[in-house]
Novice: 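One structure follows; several queries about it will come next.
Counting starts at 1 for both ligands and their atoms, following the listed order. Here, residue 1 is the first one in the sequence, and each next residue gets the next number.
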Amino acid sequence: NGFVPGDRSPPSLPSLPIIGSLLSLVTDLPPHIFFQQLQKKYGDLYSLMMGSHKILIVNNHHHAKEVLIKKGKIFAGRPRTVTTDLLTRDGKDIAFADYSSTWKFHRKLVHGALCMFGEGSVSIEKIICREASSMCDVLTETQNSAVDLAPELTRAVTNVVCALCFNSSYKRGDAEFESMLQYSQGIVDTVAKDSLVDIFPWLQIFPNKDLRILRQCVSIRDKLLQKKYEEHKVDYSDNAQRDLLDALLRAKRSSENNNTSTQDVGLTEDHLLMTVGDIFGAGVETTTTVLKWSIAYLVHNPQVQRKIQEELDNKIGKDRQPQLGDRGNLPYLEATIREVLRIRPVSPLLIPHVALQDSSVGEYTVQKGTRVIINLWSLHHDEKEWKNPELFDPGRFLNEEGDGLCCPSASYLPFGAGIRVCLGEALAKMELFLFLSWILQRFTLEMPAGQPLPNLQGKFGVVLQPEKYKVIAKLRADWEKFPLRQHC
Ligand code: HEM
Ligand code: PLO
């Protein structure tokens with residue numbers, strides 16, 4: 001492709017034989033912060049060894065875009081690790097699958113199915129509004145008591161992906177939903193953590209607590225996916241496509257009718273299950289996490305909350321609920337969502353990429369097989385790009401007049417970029433906008449008296465989650481007198 005690789009290796013952390021530059025021996029900091037700090041000593045781009053794997057850490061947006069966009073195809077690989085192999089039956093999903101024709105095919109299939117929903121009779125907008133409405137009803141019942149909103153937010157978001165994937169939904173207290181909450185947290189806590197087994201696969205033969213939890217949780221998840229799959233097979237029809245699982249089943253049947261081997265095109269039962277598992281898992285954990293961060297920042301910054309409410313009152317009023325068409329009219333809310341995604345990126349290290357051939361980044365050579373970690377945290381907290389990066393300020397995404405959006409820096413990639421860019425970006429943005437606007441139109445979120453504000457540090461895992469906290473959702477003036485109950 002015309003590039004001339006330089007002949008220099010990037011600066012490298014000192015490494016010991018076998019263990020490499022094992023992070024947990026060197027620091028208590030979460031990896032995104034540790035990698036950001038190492039820039040002071042090694043520069044923006046440096047490498048380290050994890051066991052026998054060479055890892056390149058990218059901390060600025062120029063290099064990140066070179067990896068993700070300019071050389072996106074060269075760096076489109078994914079590493080295989082013990083934990084992700086357990087979760088995805090050896091990479092038969094999308095997110096943790098290495099670059100292959102099967103991966104490309106499934107990505108396209110899911111993309112097509114998600115787009116179709118935009119136009120279908122039951123549009124994504126209607127599904128989200130239905131859940132937003134039911135969530136607001138539940139919040140109305142919790143008046144003046146301190147509650148952890150996480151379960152209700154999770155249920156609302158889960159029901160949106162449930163409708164998309166399985167054409168089903170969960171009621172409050174549903175046993176299957178409760179078990180999903182548990183297994184999913186277990187998976188988030190243990191998968192892709194660069195724990196020791198991922199660095200030294202031979203450690204699997206010894207008892208390991210994390211791995212035991214992961215196996216247990218994956219097995220419960222797989223039973224749930226299998227059940228949905230069997231139910232769908234029973235009432236599948238070529239004529240009506242109800243959801244993503246139907247779309248995948250249709251592709252499988254059509255390849256069987258054409259006598260192509262389902263193994264060759266990656267349409268085995270395993271592939272189908274792992275693909276819906278990915279969308280279901282990504283759909284729930286990411287959006288819920290951003291909603292939890294948003295509310296945490298709103299109670300820390302009541303002036304931001306008031307400003308969003310003023311905007312809602314002026315542009316929408318109280319006679320109807322917000323809809324997607326209002327997005328262009330509510331720049332301050334959009335700016336707040338952008339700022340939350342900047343200051344606490346869901347996936348601060350993205351998912352590791354792998355160089356599929358010898359290549360280069362900046363002036364340095366990179367060998368085939370090198371794992372590349374894009375430190376989104378460094379991009380989003382780069383002092384050369386953002387004034388006071390730790391300050392929560394939605395205003396930085398507004399133009400000078402304050403009535404339109406702007407992108408103050410190119411060092412911002414909350415959904416990644418290039419051929420591995422997030423598949424759910426459009427869906428996630430619709431959900432964040434609708435859920436937050438519905439909640440803030442009707443409620444003010446406050447801290448219960450005497451309680452400390454939510455901790456904003458974040459717990460590192462496959463997604464960066466806030467610690468648990470409780471808030472009061474107080475009905476705003478007028479809403480008590482005129483509870484609006486029509487659905488959009
Ligand atoms: C991948 C962010 C919501 C499905 C990713 C990546 C990021 C990301 C950073 C990794 C990109 C890379 O490795 O280069 C987010 C954020 C979300 C969100 C911030 C919410 C605000 C969703 C939703 C879905 C989804 C709702 C499902 C419908 C996926 C999938 C991948 C992915 C399937 C893997 C793509 C691939 O490897 O080819 N997302 N995501 N995401 N996301 Fe999202
Ligand atoms: C979340 C827990 C689920 O039980 C399984 C699952 C599947 C897909 C993963 C998701 C988890 C975490 C967030 C991930 C997503 C694929 C893309 C997304 C990693 C582990 C992000 C943010 O990159």
Side-chain angles (χ1 to χ4, degrees), residues 58 64-65 67-69 72 75-79 83-84 86-88 91 93-100 103-104 106-111 113-114 117 124 128 157-158 160-161 164-165 179-193 214 217-218 220-222 224-225 244 274-294 337-338 340-342 344-354 372-374 376-377 379-380 413-433 435 461-465:
V58 172
K65 285 181 182 166
V67 170
L68 297 174
I69 302 171
F75 290 102
R78 294 282 196 216
T83 54
T84 56
L86 255 175
L87 177 69
T88 65
D93 69 329
I94 298 179
F96 301 109
D98 204 355
Y99 183 81
S100 69
W103 164 78
K104 264 198 282 196
H106 275 262
R107 227 193 117 104
K108 264 213 182 108
L109 209 60
V110 170
H111 185 73
L114 289 179
F117 259 103
I124 293 186
I128 304 172
V157 174
T158 303
V160 175
V161 262
L164 294 182
C165 291
S179 103
M180 193 217 87
L181 280 184
Q182 268 190 6
Y183 81 65
S184 210
Q185 192 57 49
I187 295 176
V188 169
D189 289 343
T190 53
V191 85
K193 223 171 59 165
L214 180 60
C217 292
V218 169
I220 301 172
R221 180 195 78 150
D222 286 355
L224 187 148
L225 292 176
L244 177 68
M274 295 303 110
T275 292
V276 267
D278 245 23
I279 302 305
F280 189 56
V284 173
E285 291 305 328
T286 52
T287 313
T288 311
T289 300
V290 184
L291 289 174
K292 289 192 249 175
W293 278 123
S294 306
I337 296 172
R338 288 189 188 183
V340 173
L341 289 170
R342 180 193 70 81
R344 289 296 177 269
V346 173
S347 187
L349 302 178
L350 306 188
I351 301 174
H353 288 244
V354 169
V372 182
I373 291 184
I374 309 286
L376 195 60
W377 183 272
L379 266 67
H380 286 187
L413 296 173
F415 296 91
I419 67 171
R420 283 281 184 172
V421 69
C422 174
L423 252 183
E425 177 171 355
L427 170 64
K429 285 178 170 164
M430 290 186 228
E431 291 188 79
L432 294 174
F433 172 78
F435 283 133
V462 70
V463 288
L464 181 71
Q465 293 177 323

Novice: Measure the spacing between CG of Leu244 and CG of Leu114 and express it to the nearest 0.5 Å.
Specialist: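 These two atoms lie 6.5 Å from each other.
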Novice: Apply side chain to side chain contact (heavy atoms under 4.5 Å, CB included) to Arg344 and list each qualifying residue two or more places apart in sequence or on a separate chain.
Specialist: Trp293, Tyr297, Trp377, His381, Glu390, Leu456, Leu464
Novice: Any protein N or O within less than 3.5 Å of an N or O in ligand 1? List each pair with its distance, or say none.
Specialist:
{"unit_1": "ligand 1", "atom_1": "13 (O)", "unit_2": "Arg78", "atom_2": "NH1", "d": "3.0"}
{"unit_1": "ligand 1", "atom_1": "13 (O)", "unit_2": "Arg78", "atom_2": "NH2", "d": "3.0"}
{"unit_1": "ligand 1", "atom_1": "13 (O)", "unit_2": "Ile351", "atom_2": "N", "d": "3.4"}
{"unit_1": "ligand 1", "atom_1": "13 (O)", "unit_2": "His353", "atom_2": "NE2", "d": "3.3"}
{"unit_1": "ligand 1", "atom_1": "14 (O)", "unit_2": "His353", "atom_2": "NE2", "d": "2.7"}
{"unit_1": "ligand 1", "atom_1": "37 (O)", "unit_2": "Arg78", "atom_2": "NH2", "d": "2.8"}
{"unit_1": "ligand 1", "atom_1": "37 (O)", "unit_2": "Arg420", "atom_2": "NH1", "d": "2.8"}
{"unit_1": "ligand 1", "atom_1": "38 (O)", "unit_2": "Trp103", "atom_2": "NE1", "d": "3.2"}
{"unit_1": "ligand 1", "atom_1": "38 (O)", "unit_2": "Arg107", "atom_2": "NH1", "d": "2.8"}

Novice: So Phe435 and Val160, do their side chains get closer than 4.5 Å, heavy atoms only?
Specialist: yes
Novice: Before you tell me yes or no, could you show the steps for Val346 and Val290 under side chain to side chain contact (heavy atoms under 4.5 Å, CB included), namely the whole-Å CA-CA distance, both residues' side-chain angles and the distance that decides it to 0.1 Å?
Specialist: CA-CA 7 Å; Val346 173; Val290 184; 3.3 Å; yes
Novice: Short N or O contacts of ligand 2 with protein, under 3.5 Å, listed by atom name?
Specialist:
{"unit_1": "ligand 2", "atom_1": "4 (O)", "unit_2": "Ser184", "atom_2": "OG", "d": "3.2"}

Novice: Decide yes or no for Leu350 and Leu68: does some side-chain heavy atom of the first lie under 4.5 Å from some side-chain heavy atom of the second?
Specialist: yes
Novice: Are any of the side-chain heavy atoms of Tyr99 and Val354 separated by less than 4.5 Å?
Specialist: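 Side chain of Tyr99 against side chain of Val354, heavy atoms only: no contact under 4.5 Å found.
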Novice: Can you name the residues that form a side chain to side chain donor-acceptor pair (under 3.5 Å) with Asp222, not counting sequence neighbours?
Specialist: Arg89
Novice: Do Pro352 and Arg78 have side chains that approach each other closer than 4.5 Å (heavy atoms only, starting at C-beta)?
Specialist: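 With C-beta onward as the side chain, the pair stays apart.
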Novice: Taking the six-membered ring of Trp103, is the NZ or CZ of Arg420 close enough (under 6.0 Å from the centre) and on axis enough (within 45°)?
Specialist: yes
